[in-house]
Amino acid sequence: MSTQSAPSGGNNFLRNLIREQIDSGEHQGEVVTRFPPEPNGYLHIGHAKSICLNFGLAEHFGGRCRLRFDDTNPEKENQEYIDSIQSDVTWLGFEWDGPVRYASDYFDDLYALAQQLIETGLAYVDEQSSEQARENRGDWNTPGTDSPFRDRPPAESLDLLARMKAGEFDEGSCSLRAKIDMRAGNMNLRDPVMYRIRKAAHHQTGDKWCIYPSYDFAHGQSDALEGVTHSICTLEFEDHRPLYEWFVANLTLPASPRQYEFGRLNLNYTVTSKRKLKLLVDEGHVDGWDDPRMPTLAGIRRRGYTPAAIRNFCDTIGVSRSDGVIDAGLLENAVRDDLNEHAPRAMCVLDPLKLVITNYPEDGVEWLAAPGHPNSDAFESRQLPFTRELWIEAEDFREEANKKYKRLVLGKRVRLRNAYVIEAEDVVRDEAGEIVAVHCRYDPDTLGDNPADGIKPKGVIHWVSATHGRTATVRLYDRLFADENPGRGDVGEMLAGLNPASLDVRENCPIEPGLASARPEDRFQFERIGYFVADRYDHGPNHPVFNRTVALRDTWGKSGD
RNA sequence: UGGGGCGUAGCCAAGUGGUAAGGCAUCGGGUUUUGAUCCCGUGUACCGCAGGUUCGAAUCCUGCCGCCCCAGCCA
C-alpha cells in the first residue's frame, strides 16, 4: 500500500464556513463530523468523496469524525454490508473516533424523544393507511389536508404508540407523524412520518423492535445525541434541513447540530446508484460487488487503485454546491500519478511473438541487472535472464513500416529494454503464411551503450526470455460502460450501455521470473503497457494472476501511426 | 403552475465591490534504453442573459433563461 498521504488540499465553502465559526466561537470551536452510511450496499467512489470530506474536515480542524451506520431500515440492511463498509473506510486510511456507532444504538432514546414530542402536542399517531396519507398529502400544486387523527389527545397517541411498539398493529395500519404543516410548500413538512411499523428482525437489535424511526427523525437526533456539530450530507437532502432544524428546535437535546449539503460526485462512464450497482451484481453482469470493473471501493481496490490515489482524486475534484460530472479520466490520472511514483517496473508480454537471436549461443544465459524504477534508486534492481529465444509483443514487429513506427522492422534496429540492440533479418512463417518467429542478430557491444556507429535505435521494446520466463493470467480490464452517461435512464438503458469489451483475459502471458513471487495486491508497471496488480484473491506463486489497473498514457495511439 | 438549489474556459473549481487563482484536458517544444515519467511553453473565460446601483460589479439590486432535487410508512 502506498504511504503517500493526500495533500491538504484547497479551500472549499465548508472549510471557509467552519473557519469563520471557529473564529466566532460557535460550537465552542469544536468540529465533530460523521460518515453515516446505510448498510444496504457496498460503498462506491461517490462515498469516497463524502468520507474524505467528513474525515478531512475533522482532521483539518483538529476535530473528530465518527462512523455511524444509519440503520433504520432493517429489511434492506445486513451484516455483510456493515463489514465491507468498515473495511473500505479503513482501507482508505481513515480512523474513526471511538467505537463504531449505529443509529440503532439510540432507538430507546429516540422512542423517548418521540413521546416527548407527543406530549408537547407536536406529534400524533395517524391511523390512516399509507395510501390515504399519500392522497391527503396533496401535491406540489395542492395543499395537503389534515388527518382526521391529527388533533387527538396526546394521551391517546401515547397509548397507541406503545401498542404499535408492542406489536398490536399490522404494518402500514398506522404511523407516528410530526404535526407541522400540511400546506407547506416543502413536502417534507407536511406531517412527516417519524415511526412506521416493520415486523422485521434488525441486524443489531434483533426482535426487540417492530417499529422503526424514519431517516428524518433518527438522523438529526442521533447527531445531537452524539454531539455532532456538522452534519454533512448531499444536496438532495437540502429540503430536509427545515425538518432537521424543526426537530432540533422542538426537542430537548444535548446539542444543536447543523446540517450542510454539498454536491455529490458524478463520474461519467459509470453509475453510482446503489440500486443499479446491486442489479449488476444480482443479475451477474459482473462477478460481484468487488469485481474490478465496479466503481465500488472494493472493486476499485481489486482493480489496483491505491488509497492515496483515491484521496488525491477527491482532493483534486474539490467540493462545491454545484452538480457537475467529473471525467473518469481524472480518476485514472490519479492512479497513474501514484503508481508511476510507487510501482516497481517489470516486463510482461501480452501477445507473444517468438524472437530468435541467431548469433546468440543455443544455451547461453546472461543475467542482466535491470533497475526497479527508472527515476529512483529506492527500488531494488532485478535480474533478467537473457537467452537466445525471447518473446516480444506481436504488435512490436512489422515487416515494413513508415517512419513514425518506432519498433522492430525487418532490416532495422531496435533496443531490447534493459538489454541489447538487435536488428531483424528474417521472418519464419507457418503453412498458412502467418509469421511465427522473427530472426534477428544482436550487437554484443550495446549493453548500456549505443551502437559503435553512433546511430541510436529510435525505439525500445520489451521482452521476456522464452526459456526462463514464467507465465501468468493477465486480465485486461476496461471501463464497464461504453456509454458516457449510463446512469441517466432506466435499468434497460444502463444495461444497453455496458461495454462488451470490459474484460479481456489473456492466459499464459510470459512474465519475467521475479514476478511469480509477487504477493497479492503487489502493484507493478509492466513497462510500455500499464499498471497491474496481483489479484487480491486469485493470485498465487503457482498461478500468477494480474489485473490491469489502467493503461499507460498513450499519446501515440491517439494520433495513429 | 408549489418549494429548494445551481449556472466562472472542454471538465472540475477559487474568488463575497477594485478590475478573473489553480488542477485536469488540449496544443507546441525539450530530456529520455518505457511512444511512460519529467521539464518548459500554450487560453480573447460575452464570469447564463438583460437591465440597474456604483468612480468601479463575477461579486449588490431587479427581471428573465437553463439545469438539478422534492409528492416512500427509503436513505
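Within every chain, numbering begins at 1; the chains are lettered A, B, ... in the order of the sequence lines, protein sequences first and strands thereafter.
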S.K.: From C-beta outward on V193(A), which listed nucleotide comes closest to its side chain: rA36(B), rC69(B), rC73(B)?
M.R.: rC73(B)
S.K.: Look at all strands and tell whether A419(A) reaches a base, only sugar-phosphate, or nothing, counting heavy atoms closer than 4.0 Å.
M.R.: base
S.K.: Could you work out the separation of rU44(B) and rG7(B) based on their P atoms and round it to a whole Å?
M.R.: 25 Å
S.K.: Are K165(A) and Y111(A) in a cation-pi setup, meaning NZ or CZ lies under 6.0 angstrom from the ring centre and within 45 degrees of the ring axis?
M.R.: yes
S.K.: Taking OP1 and OP2 of rC24(B), is either one under 4.0 Å from a side-chain nitrogen or oxygen of T316(A)?
M.R.: no
S.K.: Whole angstrom is fine here: how far is it from CZ in R68(A) over to C1' in rA75(B)?
M.R.: 12 Å
S.K.: For the CG atom on D377(A), are there more than 12 heavy atoms of other groups (residues, nucleotides or ligands in this structure) within a distance under 6.0 Å?
M.R.: no
S.K.: In whole Å, what separates the C1' atom of rG17(B) from that of rC12(B)?
M.R.: 27 Å
S.K.: Between R198(A) and rC74(B), does any side-chain N or O lie under 4.0 Å from OP1 or OP2?
M.R.: yes
S.K.: For rU37(B), does OP1 or OP2 lie under 4.0 Å from any side-chain N or O of R553(A)?
M.R.: yes
S.K.: Remember a base hit wins even if backbone is also touched, and classify R407(A) as base, sugar-phosphate or nothing at under 4.0 Å, heavy atoms.
M.R.: base
S.K.: Between N266(A) and rC68(B), is there a side-chain N or O to OP1/OP2 distance below 4.0 Å?
M.R.: no
S.K.: Does R528(A) make a side-chain N or O approach to OP1 or OP2 of rU32(B) shorter than 4.0 Å?
M.R.: no
S.K.: Are Y269(A) and F481(A) near enough that their ring centres are under 6.0 Å apart?
M.R.: no
S.K.: Which one, rA13(B), rA75(B), rA36(B), comes nearest to the side chain of S322(A)?
M.R.: rA13(B)
S.K.: C1' atom, rC38(B) versus rA50(B): distance in rounded Å?
M.R.: 49 Å
S.K.: State whether T72(A) places a side-chain N or O below 4.0 Å from either non-bridging phosphate oxygen (OP1 or OP2) of rC74(B).
M.R.: no
S.K.: At under 4.0 Å between heavy atoms, what does Q525(A) touch on the DNA or RNA strands: base, sugar-phosphate, or nothing?
M.R.: base
S.K.: Are more than 12 heavy atoms, taken from residues, nucleotides or ligands other than Q79(A), located less than 6.0 Å from that residue's CD atom?
M.R.: yes
S.K.: Check whether any side-chain nitrogen or oxygen of R190(A) sits under 4.0 Å from OP1 or OP2 of rG3(B), and answer yes or no.
M.R.: no
S.K.: Mind checking D170(A) for me? I need base, sugar-phosphate or nothing, with any heavy atom below 4.0 Å counting as a touch.
M.R.: nothing
S.K.: Base, sugar-phosphate or nothing for G172(A)? Non-hydrogen atoms, less than 4.0 Å.
M.R.: base
S.K.: Counting the benzene-type ring for Trp, do F313(A) and Y305(A) have ring centres under 6.0 Å apart?
M.R.: no
S.K.: Name the nucleic acid region contacted by H240(A), choosing base, sugar-phosphate or nothing; use a 4.0 angstrom heavy-atom cut-off, strictly under.
M.R.: base
S.K.: For rU31(B), what is the paired nucleotide under Watson-Crick or G-U wobble rules, both distances under 3.5 Å?
M.R.: none
S.K.: Anti or syn, where syn is a glycosidic angle within 90° of 0; which label fits rG72(B)?
M.R.: syn
S.K.: So, does R137(A) get its side chain near the phosphate of rG72(B), meaning an N or O under 4.0 Å from OP1 or OP2?
M.R.: yes
S.K.: Distance between the C1' atoms of rA45(B) and rU31(B), in whole angstroms?
M.R.: 34 Å
S.K.: Mind checking who rC6(B) pairs with, Watson-Crick or G-U wobble, both distances under 3.5 Å?
M.R.: rG66(B)
S.K.: How far does the C1' atom of rC11(B) sit from the matching atom of rG43(B), given to the nearest Å?
M.R.: 15 Å
S.K.: Would the distance check show the side chain of R321(A) and the main-chain N or O of F13(A) forming a donor-acceptor pair, the cut-off being under 3.5 Å?
M.R.: no
S.K.: Name the residue closer to the 5' end of RNA chain B, choosing between G459(A) and G329(A) according to the nucleotide with the nearest heavy atom.
M.R.: G329(A)
S.K.: Should S130(A) be listed as having a side-chain N or O under 4.0 Å from OP1 or OP2 of rG72(B)?
M.R.: no
